[in-house]
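Here is the structure we will look at, set down as structure tokens.
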Amino acid sequence: MPVPLKHHNAELSLRPGTTKSDLVAYLYQNSEWGYSPQELKEALDIPRGTATTTLKRLHDDDYIGKAHDGYYYALRERDDIRRYVSSLNQVDRLFGHHRDADATPEEPDKQIGGGRTDEVLDAELTKLEAEVDE
């Protein structure tokens with residue numbers, strides 16, 4: 001997806017689908033809260049060691065903040081990260097999670113050509129084309 005260069009930060013090393021990206025997205029989507037590593041581990045279903053290590057790296061790289069009591073949070077001044085998370089949200093609204101992963105699609109009441117041979121369908125098509133030409 002193209003990005004306007006005036007908003008592009010090549011130094012932002014986040015890639016969708018990674019634990020790093022998922023943690024950042026979660027914190028910035030819930031920016032009014034601070035979360036412990038345990039809460040983030042449970043919310044995102046990631047191993048504790050992965051959560052702790054990744055959170056420390058994100059904090060060291062100034063992607064997220066950390067309170068003195070160990071709670072991690074989104075930084076107000078990181079507009080570049082907010083834009084990144086916003087673009088993830090837009091892509092998700094366009095292409096993802098329209099239904100549950102284990103949902104089965106409904107069967108249509110009527111199928112195109114259901115129960116008719118190719119010859120019958122060809123004849124119907126020819127008749128419709130003739131009507132349009134009139």
Could you grab the distance from atom CG of Asp61 to atom CG of Leu14, nearest 0.5 Å is fine?
9.5 Å

Side chain Ser87, main chain Tyr84, donor-acceptor under 3.5 Å:
yes

Looking at Ala51 and Pro37, what are the two nearest heavy atoms and their distance?
CB-O, 4.3 Å

Within this structure, what is the OH-CG distance for the pair Tyr28 and Leu75, rounded to the nearest 0.5 Å?
4.0 Å

For Asp69, I'd like to know if atom CG has over 12 heavy atoms of other residues, nucleotides or ligands within 6.0 Å.
yes

Search all heavy atoms of Arg15 against all heavy atoms of Leu12 and return the closest pair with its distance.
NH1-O, 4.0 Å

Please report the shortest heavy-atom distance between Ala25 and Leu88, naming the atom on each side.
CB-CD1, 4.1 Å

Nearest 0.5 Å, please: how far is CD1 in Ile46 from CG in Leu23?
4.5 Å

How many angstroms lie between CD in Glu119 and OG1 in Thr117, if you round to the nearest 0.5 Å?
4.5 Å

So which heavy atom on Lys56 is nearest to which on Tyr72, and how close?
N-OH, 4.2 Å

Heavy atoms only: give me the nearest Tyr73-Lys66 pair and the separation to one decimal.
CE2-N, 3.3 Å

Quick one: closest heavy-atom pair of Glu39 and Gly34, and the distance?
OE1-O, 4.2 Å

Any sub-3.5 Å donor-acceptor pair from Tyr71's side-chain atoms to Gly65's backbone N or O?
no

Would you find a donor on one side and an acceptor on the other, under 3.5 Å apart, between the side chain of Arg82 and the backbone of Glu77?
no

Test side-chain contact (heavy atoms from CB on, under 4.5 Å) applied to Lys41 and Gln38, step by step
CA-CA 5 Å; Lys41 169 200 154 319; Gln38 179 65 27; 3.8 Å; yes

Approximate separation, where rounding is to 0.5 Å, of Thr126 OG1 and Asp122 CG
6.5 Å

Ring pair (Phe, Tyr, Trp, His ring centres under 6.0 Å) between Tyr26 and Tyr35, intermediate numbers included:
CA-CA 10 Å; Tyr26 190 84; Tyr35 294 91; 5.2 Å; yes

Answer yes or no: is there an ion pair linking Arg83 with Asp79, defined by an N-O contact shorter than 4.0 Å?
no

Taken to the nearest 0.5 Å, the spacing of Ile64 CD1 from Leu40 CG works out to 8.0 Å

